[in-house]
Amino acid sequence: MSAIDLPVSMSQSAEDVLKGAKSATFVGSVEDLIRLAVPEDGVDARGIFTVGYEVEGRGYVPELEVCRVRNGISANYVEPYMRRRDPDCMVIADKRPTGKRTWDERFPDKDWEDVRQATFDWMKTQDLAYFVFNAGLAGKGTEAVAIAPANAAFFALGLAMLQGILPKEEIREEFFHEAIIYVAPPFRHTHFEGRQVVVHNRREQVHELFSYNLYPGPSAKKGIYGVLLNRGEYEGWVTAHCSTVQVVTPYDNTCTIMHEGASGGGKSEMLEQMHREQDGQIRLGTNTVTGESKYLTLPRGCRLHPVTDDMALCHPDYQKPEVKKLTLYDAEDAWFLRVNHITKYGTDPHLEAMTINPPSPLLFLNIDAKPGSTALIWDAIEDEPGVPCPNPRVIMPRKDYPNIVTEPVTVDVRSFGVRTPPCTAEQPTYGVLGMINILPPALAWLWRLVAPRGHANPSIVDTQGMTSEGVGSYWPFATGRAVDQANLLLSQFMNTDETLFVLIPNQHVGCWETSFTPQWIVREYLARRGSSVFPKDRLLAARCPLLGYSLKSMQVEGTEIPEGFLRVETQPEVGESGYDAGAEVLKAFFHDQISAFSVADLDPHGQKIIEACLSDASVTEYEALGPGA
């Protein structure tokens, strides 16, 4: 079908590209994209379709290999660098207010309008595929179009699975796209020295997004997230960076938990069943000093009803004024699941079964699968001999997830996950968080401002030390100003103070290596206990005020959690001196990060909270800075 046959209006630039292209195929279903992703007449003798492009001065450059597998499509990048998101990929080309690096700052020797036009000119030399989708939900997001080279249909497939795709008969007659993605992979080599670059160009009527690479994380996933954040910034709402799950106890009580955090902070894991040992026990942790392991026996876990995996629309239409809790719904049609923690068969039978025999085809990235085989999520491709890629992914349609919740939910517990390193007296670090810490609203808001990326993050190109993911932990994807997002989140927290706010580490609790067990145990505990306020006699002010309150004790199904997992200073390998040294690292990090928010446009209430933090406030002082302060 040619572009002029599509009964919708398009921007002049999009129409020119489609009409001028070598060919332009309108795609109206995921099934069509699956066929295009591995064309029968394009595979080699191995059954592999290679996606590549002619690059001036270099000849033909292959980008990745795509093949059909029994459970979907498998795509593998030639360069290890392209197998995860580069945190510095975003560039803002327009002149609207932004806190991000602009085109002129990053590429002072390149005129944006020239590169934009060169992009269109290149696309006109290609066979193109394009489709229509809703970023977010119909009526609660942004109507959009994607245009990509037809040979990169696997990329379009990932976008269509994540955001949905509209067949021609379901497109509104008055449709006009408010956002558009243009995909031009070879520009990575010709203009950007091989780097991942995603350019946002917020024009008056259309939010243009230019993807100059074929990894869907920065563009099809997080680029669209940026489109939604931009929409919410102007309309006064947030798309939160979180997973959400309704946890149903063996006694049929339901608790809704919203789990936020930087990439690697445990969002996808919050939707997983607990990982058990062969004998059914749960490994609480292994002491990195002594080698001792501790286990928990939990005969029956809670049932999980997933709601969101990464992006949650906190749209005003969902909120219930009579309830001081947040109501949200999923912003996606599929989930971009990271599976690096599944290293062998039997680690997570629940997810393994879903991906081995899925109801509909899946898209696998960075999984070592041969044509016609079954892609197995624990078989990550190797970045180099003996070194598996740390970011294997699978895109799972939301509709295929068992017990999925298909309506907005109201949040009882709002948790924040942090990847923490081991902490000992000899090598103190910020790994001083207990298995659970209770936060007053003001302190919970501060944690969203600093959003530590944390220890050994597997989802992005390597960074060293403790760094921040930025406000809301979604700042890498936002196109506007950090202070505006900080104000939106502050209003949200102060208006939802009936929610229980908690902090949960993963990977380590003090000197104990734990993986994601803390959040699985806390999930079971809070669901059984309910979301009511903890009595003051159950809490102790944490030795580090930034951690709010610690629990005096915690019991799960009759088993007492060891004191050292609740208060790290009681671990003999850490002690009070090791804890205090680690707490100083955390405090210095907070002071450094929040200072940037002390600007004239910050809400005065937020300014008071920041001043309290810079003055080393106690947890009771943070309590006093709640709603109405």
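Keep in mind the model is a prediction, meaning the values are calculated, not measured. All heavy atoms count here, side chains included; hydrogens, waters and symmetry mates do not.
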| field | Ionic contact status for R338 with D309, cut-off 4.0 Å | value | no

Per-pair distances, 0.1 Å, donor-acceptor, side chain in residues 48-58, under 3.5 Å, sequence neighbours excluded:
from: Y53; atom 1: OH; to: N151; atom 2: OD1; distance (Å): 2.8
from: E54; atom 1: OE1; to: Y60; atom 2: N; distance (Å): 3.4
from: R58; atom 1: NH1; to: H189; atom 2: ND1; distance (Å): 3.1

| message | Looking at E105 and T102, would you say the former's side chain and the latter's main chain have a donor-acceptor pair under 3.5 Å? | response | yes

| Contact check, side chains of V418 and L433, non-hydrogen atoms, under 4.5 Å | yes

| request: Under the ring pair (Phe, Tyr, Trp, His ring centres under 6.0 Å) rule, collect the residues that match up with F590, sequence neighbours excluded. | output: W447

| message | Given L363, which partner from the list L33, I73, V30 fulfils the side-chain contact (heavy atoms from CB on, under 4.5 Å) test? | response | I73

| field | Any residue meeting ring pair (Phe, Tyr, Trp, His ring centres under 6.0 Å) with F154, in chain and number order, not counting sequence neighbours | value | none

| message | Looking at every non-hydrogen atom in both residues, tell me the closest pair between P428 and G582 and how far apart they are. | response | CB-N, 3.9 Å

| Aromatic ring centroids of Y212 and F192 under 6.0 Å? | yes

| message | For R283, is there an ion pair with E513 - N to carboxylate O distance below 4.0 angstrom? | response | yes

| message | Going by the rule side-chain contact (heavy atoms from CB on, under 4.5 Å), which residues pair with Q273 if we only count those two or more places apart in sequence or in a different chain? | response | L304, H350

| Mind checking whether P216 and L365 have side chains closer than 4.5 Å, heavy atoms only? | yes

| task | Determine yes or no for a side-chain-to-main-chain donor-acceptor pair under 3.5 angstrom, with T290 supplying the side chain and E292 the backbone. | result | yes

| Pairwise side-chain contact, I180 with I147, heavy-atom cut-off 4.5 Å (strictly under) | yes

| said: Any side-chain to backbone donor/acceptor pair from R419 onto G265? Under 3.5 Å, distance only. | reply: no

| request: May I have the step-by-step check of salt bridge (Lys or Arg N to Asp or Glu O under 4.0 Å) for R35 and E40, ending in yes or no? | output: CA-CA 8 Å; R35 285 190 289 272; E40 292 184 3; over 6 Å; no

| request: Spell out, as yes or no, whether a donor-acceptor pair under 3.5 Å connects the side chain of R83 to the backbone of Y77. | output: yes

| query | Does L362 reach the side chain of P397, with side-chain heavy atoms less than 4.5 Å apart? | reply | yes

| field | Considering all heavy atoms, the nearest G136-Q163 contact | value | N-OE1, 4.1 Å

| task | Scan side-chain atoms only and decide if S293 and T286 contain a donor-acceptor pair under the 3.5 Å cut-off. | result | yes

| Near-ring test H241/F477, centroid separation under 6.0 angstrom | yes

| task | Side-chain contact test, heavy atoms from C-beta onward, threshold under 4.5 Å: evaluate it for E272 versus F516 and give yes or no. | result | no

| Does a salt bridge link K267 with E260, judged by any charged N lying under 4.0 Å from a carboxylate O? | no

| said: Taking salt bridge (Lys or Arg N to Asp or Glu O under 4.0 Å) as the definition, give me every residue that meets it alongside E193, ordered by chain and number, with sequence neighbours left out. | reply: none

| said: Ring of F336, cation from R393 - is the NZ or CZ under 6.0 Å from the centre and inside 45° of the axis? | reply: yes

| What heavy-atom pair brings P349 and G346 nearest, and what distance separates the two atoms? | CD-O, 3.6 Å

| message | For the CD1 atom of I342 and the OG1 atom of T347, what is their distance to the nearest 0.5 Å? | response | 6.5 Å

| field | Sidechain-backbone polar pair: T119 side chain, V115 backbone, donor-acceptor under 3.5 Å | value | yes

| How far does CG of L159 sit from CD1 of I395, to the nearest 0.5 angstrom? | 9.0 Å

| task | Please round to the nearest 0.5 Å and tell me the distance separating atom CG of L229 and atom CD1 of I224. | result | 11.5 Å

| request: Using the six-membered ring wherever Trp is involved, compare the ring planes of F565 and W512 and label them parallel, tilted or perpendicular (cut-offs 30° and 60°). | output: tilted

| Got more than 12 heavy atoms from elsewhere within 6.0 Å of CD, E79? | yes

| Which class fits the ring pair F131 and F133: parallel under 30°, tilted 30 to 60°, perpendicular over 60°? | tilted

| Roughly how far, to the nearest 0.5 Å, is the OG1 atom of T308 from the CG atom of L313? | 9.5 Å

| Side chain of E63, backbone of L214: donor and acceptor closer than 3.5 Å? | no

| query | Do N366 and Y215 meet the criterion of a side-chain donor-acceptor pair at a distance under 3.5 Å? | reply | no

| query | Mind checking what makes side-chain contact (heavy atoms from CB on, under 4.5 Å) contact with A179, not counting sequence neighbours? | reply | T142, A144, H207, V227

| So is K100 actually on top of W475's ring, under 6.0 Å and inside 45° of the axis? | yes

| task | Compare all side-chain heavy atoms of V198 with those of N213 and state whether any distance is below 4.5 angstrom. | result | yes

| query | Do R523 and E269 sit within salt-bridge range, that is, some charged N less than 4.0 Å from a carboxylate O? | reply | no

| With sequence neighbours left out, what residues match E352 under salt bridge (Lys or Arg N to Asp or Glu O under 4.0 Å)? | none

| query | What distance separates L351 CG from W378 CH2, expressed to the nearest 0.5 Å? | reply | 10.0 Å

| query | Taking T429 for the side chain and G431 for the main chain, is one N or O donor matched with an acceptor at less than 3.5 Å? | reply | yes

| query | Is a side-chain N or O of E277 found less than 3.5 angstrom from the main chain of Q281, in a donor-acceptor match? | reply | no

| said: Treating S415 as the side-chain partner and L503 as the backbone partner, does any N or O pair qualify as donor plus acceptor under 3.5 Å? | reply: no

| For D127, what residues pass the side chain to side chain donor-acceptor pair (under 3.5 Å) criterion, not counting sequence neighbours? | S23

| Would you call V509 and T420 a side-chain contact if the rule is heavy atoms closer than 4.5 Å? | no

| For K370, what residues pass the side chain to side chain donor-acceptor pair (under 3.5 Å) criterion, not counting sequence neighbours? | D368

| message | Just by distance, no angles: are the side chains of T374 and N71 close enough, under 3.5 Å, to form a donor-acceptor pair? | response | no

| Short question: side chain of S29, backbone of D32 - any donor-acceptor pair under 3.5 Å? | yes

| request: For side-chain hydrogen bond (donor to acceptor under 3.5 Å, both in side chains), just list the numbers for S243 and H259, CA-CA rounded to whole Å, side-chain angles, deciding distance to a tenth of an Å, and then say yes or no. | output: CA-CA 5 Å; S243 64; H259 186 71; 5.8 Å; no

| Should D330 and R398 count as an ion pair when the cut-off is N to O under 4.0 Å? | yes

| request: Can you tell me which residue pairs pass the salt bridge (Lys or Arg N to Asp or Glu O under 4.0 Å) test with a partner in residues 215-230, sequence neighbours excluded? | output: K221-D310, K221-E332, K222-D310

| said: According to side-chain contact (heavy atoms from CB on, under 4.5 Å), who are the partners of D88, at least two apart in sequence or on a separate chain? | reply: D86

| Within-4.5 Å side-chain heavy-atom neighbours: D400 and P358 | no

| query | In chain order, what residues pass the side-chain contact (heavy atoms from CB on, under 4.5 Å) check against R276, with sequence neighbours excluded? | reply | M274, I282, L298

